[in-house]
Amino acid sequence: MRRETIAIHGGYETDPTTKSVAVPIYQTVAYEFDSADHGAALFNLEAPGYRYSRIANPTVQVLERRVAALEGGAEALCVATGQAALNYAVLNLTQMGRNIVSVPQLYGTTYTLFAHILPGQGISVRFAESDRPDAIDKLIDDDTGAIFCESVGNPAGNICDIEALAAVGARHGVPLVVDNTVATPLLLRPIEYGADIVVHSLTKFLGGHGTTLGGAIVDSGRFDWKAQARRFPMFCQPDASYHGLVYAEHFGAGAYIARCRSVYQRTTGAVLPAVSAFLLLQGIETVALRVERHVANARRVAEFLRADPRVAWVNYAGFADSPYHALTQKYFGGRACSLMTFGIAGGFEGGKRFYDALKLFKRLVNLGDAKSLACHPASTTHRQMSAAEQAKAGVTPETIRLSIGIEHIDDILADLDQALAAAQPHQRSPLLAAE
Ligand SMILES: *Cc1c(COP(=O)(O)O)cnc(C)c1O
């Protein structure tokens, strides 16, 4: 099936018992065993079925199959949030005394996880100077468990060369983990370019309505753990926490997700509620249509802002002179994402005045909603950082990050126009000039 069809049907067939066409919400904690032997077989992972919803739930499982199919992966685990997914995805590849190598352009909370939380657990994160393959390559050693990048960095807007990063990983025997939240599998499937693991915040475009938190970890099923047994003993040696099970042998291509589930989700429990899985499935049904509209509206906004003398600069990968133009063509077929940053003349105060004047755009920290959203990082998400740290994260005092929604384009442009006018009352609006 094509992605547009998978988004609607993937992972579910009409329920054989009730004939329910909508995915049922299995609001249950536990599942009854036929007998002691049946219970034992389930606990030995020998019989298929459910035991307890901290391990697996049928509603969540439909979502897991749908997201895995959308990404072209073998299996998926869905968890409570994107951050839980990132934490589990990385922990599952490393252990105390080892490291991962990451690009520097990261979502703020991922940066905190990598720079402050994982090191406290004895896992070091080596930040490369840039997202270039050679910058990543030189940081990899025998203790490296993963290369990490965001396919489209949030909020930097950089586009990573997934194929080149995957080739670096393959040369060293290290899997590439890609956060594909901003791009979505509708625009890019990293596994097709050699990525091994894909992570999502389902909270954003996939859910699409700003109602429900969720995260997903998708495994391509292709990484050969046994060929890298020294680097990945957790998949190749008997697991004392699961009566001596060897994941790579017992689960084959499903080893990575099985261990994520039975080690991290089972023992630390960042479970996705069944109702959340249902709501996220509702959102995913329309993601293909929404992304098309997001992309088309974003292009119009980027062109509008760039042509406006009240705007100092626009960072949008869809421009022909963007440093990411070639990668946008290669990975997105020219369809640049609907996340962009721009700056108006007038610095921090100008940025604030613009932000405060918005009427249709919601002032908040989120992205990928059907609604148009705006964030002023210098006064919110990046407020605690020094000016130098902000600059490294791609944030200047006037920077505004926009997530362009799927409203009518005229209403979106009109709101931006009136907010620019409020920020810079002495400058004339090109929209009015055209009328
Ligand atoms: C929002 C976001 C996350 C975190 O997801 P939550 O569901 O909010 O935990 C991770 N990565 C990126 C790129 C994001 O935009």
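Qualifying side-chain hydrogen bond (donor to acceptor under 3.5 Å, both in side chains) partners for R230, counting only residues two or more places apart in sequence or in other chains: none. Applying the side-chain hydrogen bond (donor to acceptor under 3.5 Å, both in side chains) criterion to T109, with sequence neighbours excluded, gives no partner residue.
The closest donor-acceptor contact from the side chain of Q265 to the backbone of I55 lies under 3.5 Å. Checked by atom type and distance alone, the side chain of R259 never pairs as donor or acceptor with a backbone atom of G254 at under 3.5 Å. With N180 contributing its side chain and L188 its backbone, the two residues share a donor-acceptor pair below 3.5 Å. A donor-acceptor pair under 3.5 Å is absent between the side-chain atoms of N154 and the main chain of L106, judged by distance alone. Side-chain atoms of D415 never come within 3.5 Å of backbone atoms of L358 as a donor-acceptor pair (strictly under, hydrogens ignored). Remark: the backbone N or O of Y256 is paired with a side-chain donor or acceptor of N92 at under 3.5 angstrom. Listed for the N297 side chain is a donor-acceptor partner under 3.5 Å among the backbone atoms of E407. Checking side-chain atoms of S220 against main-chain N and O of I191 turns up no donor-acceptor pair under 3.5 Å. For S372 (side chain) and G405 (main-chain N/O), a donor-acceptor pair under 3.5 Å exists by modelled atom type. Without hydrogens or angle criteria, T144 side chain to A146 main chain gives no donor-acceptor distance under 3.5 Å.
Using cut-offs of 30° and 60° on the angle between ring planes, the pair F148 and F114 is perpendicular. Relative ring orientation between W225 and F232 is described as perpendicular, the plane-to-plane angle rising above 60° on a 0-90° scale split at 30° and 60°.
Put simply, the residue from H200, R189, R66, R3 that forms a side-chain hydrogen bond (donor to acceptor under 3.5 Å, both in side chains) with E71 is H200.
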Step-by-step side chain to side chain donor-acceptor pair (under 3.5 Å) determination, T203 to S201: CA-CA 5 Å; T203 314; S201 168; 3.2 Å; yes
| request: Take D161 and Y331, measure what side chain to side chain donor-acceptor pair (under 3.5 Å) needs, and give me the verdict at the end. | output: CA-CA 8 Å; D161 190 345; Y331 291 110; 2.4 Å; yes
Check: For T81 and Q83, what are the C-alpha separation, side-chain angles and deciding distance, and is it a side chain to side chain donor-acceptor pair (under 3.5 Å)?
Finding: CA-CA 5 Å; T81 64; Q83 284 311 128; over 6 Å; no
Please test Y88 against T268 for side chain to side chain donor-acceptor pair (under 3.5 Å), starting from the C-alpha separation and ending with a verdict. CA-CA 10 Å; Y88 289 180; T268 69; 2.6 Å; yes
- Starting from the C-alpha separation in whole Å, work towards a yes-or-no answer on side-chain contact (heavy atoms from CB on, under 4.5 Å) for N44 and H243. CA-CA 9 Å; N44 275 341; H243 45 65; 3.5 Å; yes
Checklist line | Step-by-step side-chain contact (heavy atoms from CB on, under 4.5 Å) determination, V301 to I412 | finding: CA-CA 8 Å; V301 168; I412 294 173; 3.7 Å; yes
Would you check, one step at a time, whether the test side-chain contact (heavy atoms from CB on, under 4.5 Å) holds for H209 with R290? CA-CA 10 Å; H209 297 80; R290 283 186 287 106; 3.9 Å; yes
Problem set entry | Audit row: T328, I159, side-chain contact (heavy atoms from CB on, under 4.5 Å) steps and yes/no | CA-CA 7 Å; T328 303; I159 294 174; 3.2 Å; yes
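Between L63 and I284 the shortest side-chain heavy-atom distance falls below 4.5 Å. Within the 4.5 Å cutoff, side-chain heavy atoms of V103 are placed close to those of I136. Proximity of E64 to L77: side-chain heavy atoms (C-beta onward) are separated by under 4.5 Å at one or more points. Contact annotation: the side chain of L245 never approaches that of P238 to less than 4.5 Å [non-hydrogen atoms, C-beta and beyond]. Using a 4.5 Å cut-off on side-chain heavy atoms (C-beta onward), V177 and I147 make no contact. In this structure, I404 and V295 have side chains that are not in contact, with every pair of non-hydrogen atoms separated by 4.5 Å or more. Using a 4.5 Å heavy-atom threshold, the side chains of L213 and L272 count as separate. Within the 4.5 Å cutoff, the side chain of V21 has no heavy atoms near those of the Y12 side chain.
Contact record, A128 with A135: CB-O, 3.8 Å, taken as the closest heavy-atom pair. Nearest heavy-atom pair, A7 versus L70, reported as atom, atom and distance to 0.1 Å: N-CD2, 4.0 Å. When all heavy atoms are compared, the tightest approach of L91 to Q121 is CD2-OE1, 3.8 Å. When every heavy atom of V395 is checked against every heavy atom of P155, the shortest pair comes out as CG2-CG, 4.5 Å. In plain terms, the two heavy atoms of A216 and C78 that are nearest each other are CB-SG, 3.9 Å. Between C160 and D131, the shortest heavy-atom distance links the atoms SG-CB, 3.9 Å.
In summary, the side chains of N99 and D143 do not present any donor paired with an acceptor at a separation below 3.5 Å, with no hydrogens or angles considered. Inspection of the S262 and R266 side chains reveals no N or O donor paired with an N or O acceptor under 3.5 Å. There is no side-chain donor-acceptor pair under 3.5 Å between H172 and D141. Using modelled atom types and a 3.5 Å distance limit, the side chains of T181 and D179 yield a donor-acceptor pair.
Salt bridge present: E163 and K330 bring a charged side-chain N and a carboxylate O closer than 4.0 Å. A salt bridge between K362 and D369 is absent, with no side-chain N of the basic residue lying under 4.0 Å from a carboxylate O of the acidic one.
Rounded to the nearest 0.5 Å, atoms CD1 (I162) and OG (S151) are 5.5 Å apart. To the nearest 0.5 Å, atoms OG (S20) and CG (D15) are separated by 6.0 Å. Between the CZ atom of R98 and the CG atom of D142 there is a distance of 9.5 Å, given to the nearest 0.5 Å.
Under a cut-off of 6.0 angstrom, the local environment of CZ in R171 is crowded, with over 12 non-hydrogen atoms contributed by other residues, nucleotides or ligands. Within a 6.0 Å radius of NZ in K371, other residues, nucleotides and ligands contribute more than 12 heavy atoms. For R132, the CZ atom sits in a loose shell: 12 or fewer heavy atoms of surrounding residues, nucleotides or ligands are nearer than 6.0 Å. Environment of CZ in R363: crowded, with over 12 heavy atoms of neighbouring residues, nucleotides or ligands closer than 6.0 Å. Atom CD of E285 has more than 12 heavy atoms from other residues, nucleotides or ligands within 6.0 Å.
Two rings, from F342 and Y316, have their centers 6.0 Å or more apart. Ring centers of H376 and F348: under 6.0 Å apart, within the cut-off. Aromatic ring centres of Y247 and Y242 lie farther apart than the 6.0 Å criterion allows. With ring centers used as reference points, F361 lies 6.0 Å or more from Y355.
Pairs passing the salt bridge (charged side-chain N to carboxylate O under 4.0 Å, His left out) check and including a residue from residues 40-63, sequence neighbours excluded, do not occur.
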